[in-house]
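Quantities reported herein were computed from a predicted structural model and do not represent experimental measurements. So that the names make sense, note that chain A is the first sequence line, chain B the second, and so on, each numbered from 1.
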Protein chains: 2
Amino acid sequence: MIRGTKTVLDLLAAKWSVDVVYLLANGTRRYSEVFYEVGEISKKTLTQTLRSLERDGVIARRVYAEVPARVEYSLTPLGWSLTAPLMAMYEWATDHGHDLEAARLLHEGEAPAPAQLAAAA
Amino acid sequence: MIRGTKTVLDLLAAKWSVDVVYLLANGTRRYSEVFYEVGEISKKTLTQTLRSLERDGVIARRVYAEVPARVEYSLTPLGWSLTAPLMAMYEWATDHGHDLEAARLLHEGEAPAPAQLAAAA
DNA sequence: CTGTATCCAGTAGGATACTG
DNA sequence: CAGTATCCTACTGGATACAG
């Protein structure tokens with residue numbers, strides 16, 4: 001159970017993996033389009049994310065022998081299958097996001113989450 | 001969509017969060033029991049994980065005024081609700097884990113995943 | 001356009017020792 | 001027993017410059 005669950009988590013835990021998968025779920029994109037549409041990502045990190053997802057068979061990379069270079073990325077069937085757990089997460093957030101907010105407000109200033117430790121220090 | 005999905009991911013992405021949630025899904029545990037049953041975790045990290053999950057309302061912490069100290073952790077209703085997306089992930093791994101393995105074998109040595117970069121170097 | 005190379009900083013998490 | 005305190009390493013990811 002834990003092992004399988006972590007498999008999916010490892011796949012999606014990289015900071016930008018989810019953004020890329022969602023973006024490609026809206027259709028094939030070229031490198032520069034992903035770069036622009038994702039937003040704040042650096043080229044190095046984008047390439048890493050893309051390579052990782054490609055290696056895992058989640059996205060497909062197609063290179064066109066043109067000048068200037070042109071590379072398109074798209075979701076594979078395996079990538080599409082990921083939308084199932086992704087939707088489950090989104091639904092959880094929709095159903096329980098408010099409870100989460102409430103809990104955080106309740107414990108305000110008691111035990112800061114990791115991301116806020118730095119800000120507090 | 002992305003924001004909601006990431007909310008859940010942030011909750012579970014910490015290295016040991018899933019282990020703790022699964023463990024507590026099997027029943028209330030004291031600190032030392034979690035420490036022992038989870039396995040390789042350090043006390044510092046366990047405490048951080050526990051505090052973070054508590055702050056987010058996923059687990060409840062109950063302190064008994066005894067000597068020696070005794071603290072028990074359990075899942076809250078919100079924590080239990082997390083088992084839904086967790087199950088979706090597990091099911092994905094069950095259904096598609098083989099495809100994932102196949103993809104990794106196929107791309108063997110081409111673009112190593114982050115986790116294997118170190119091993120390869 | 002699509003990357004790669006290099007340098008750098010922040011952070012998660014481990015090891016160990018100590019405390020109420 | 002249930003943590004805290006301190007120190008330390010590794011890895012992720014950003015910035016910038018360069019290349020095919």
For residues 73-89 of chain B, which residue pairs qualify under salt bridge (Lys or Arg N to Asp or Glu O under 4.0 Å), counting only residues two or more places apart or in two chains? none
Does dA2(D) have OP1 or OP2 under 4.0 Å away from a side-chain N or O of R61(B)? no
For A102(A), enumerate each residue passing the side-chain contact (heavy atoms from CB on, under 4.5 Å) test, keeping only those at least two apart in sequence or located in another chain. none
Here the distance between atom C1' of dG3(C) and atom CD of E72(A), to the nearest Å, is 16 Å
My understanding is that only residues two or more places apart in sequence, or in another chain, count here; which of them pass side-chain hydrogen bond (donor to acceptor under 3.5 Å, both in side chains) with S32(B)? none
Between P on dA2(D) and CZ on F35(B), what's the gap in Å once rounded to a whole number? 11 Å
Please enumerate all residues that pass side-chain hydrogen bond (donor to acceptor under 3.5 Å, both in side chains) together with T49(A), with sequence neighbours excluded. none
Decide yes or no for L24(B) and L53(B): does some side-chain heavy atom of the first lie under 4.5 Å from some side-chain heavy atom of the second? no
Using five base pairs at each end to define the local axes, how bent is the helix from dC1(C)-dG20(D) to dG20(C)-dC1(D), to the nearest 10°? 50°
Using a cut-off of 4.0 Å between protein heavy atoms and nucleotide atoms, how would you tag nucleotides 13-20 of chain C 5' to 3' with B, S and -? BBB-----
Taking only residues two or more places apart in sequence or in another chain, which ones pass side-chain contact (heavy atoms from CB on, under 4.5 Å) with R70(B)? R30(B), Y64(B), E66(B), E72(B)
Does a side-chain N or O from R51(A) land closer than 4.0 Å to OP1 or OP2 of dT4(C), or not? yes
Can a side-chain donor-acceptor contact be found between Y22(B) and T5(A) if the only test is distance below 3.5 angstrom? yes
With sequence neighbours excluded, what pairs up with D10(A) under the salt bridge (charged side-chain N to carboxylate O under 4.0 Å, His left out) test? none
Taken in chain and number order and not counting sequence neighbours, the residues that satisfy side-chain contact (heavy atoms from CB on, under 4.5 Å) with E40(B) are W16(B)
Looking at residues 22-34 of chain B, who's got a heavy atom less than 4.0 Å off DNA chain D? R30(B), Y31(B), S32(B)
Distance check: side-chain N/O of Y36(B) vs OP1/OP2 of dC1(D), anything under 4.0 Å? no
How many whole angstroms separate atom CD of E37(B) from atom P of dA2(D)? 12 Å
So which pairs with a foot in residues 16-29 of chain A pass salt bridge (Lys or Arg N to Asp or Glu O under 4.0 Å), sequence neighbours left out? D19(A)-K6(B), R29(A)-E37(A)
Show me the donor-acceptor pairs, under 3.5 Å and distance only, between side chains in residues 89-98 of chain B and residues at least two apart or in other chains.
from	atom 1	to	atom 2	distance (Å)
W92(B)	NE1	S81(A)	OG	2.8
T94(B)	OG1	Y90(B)	O	2.9

Rounded to the nearest angstrom, tell me the gap between atom CG in L50(B) and atom C1' in dA2(D). 10 Å
Heavy atoms only, 4.0 Å cut-off, all strands: where does Y64(B) land among base, sugar-phosphate and nothing? nothing
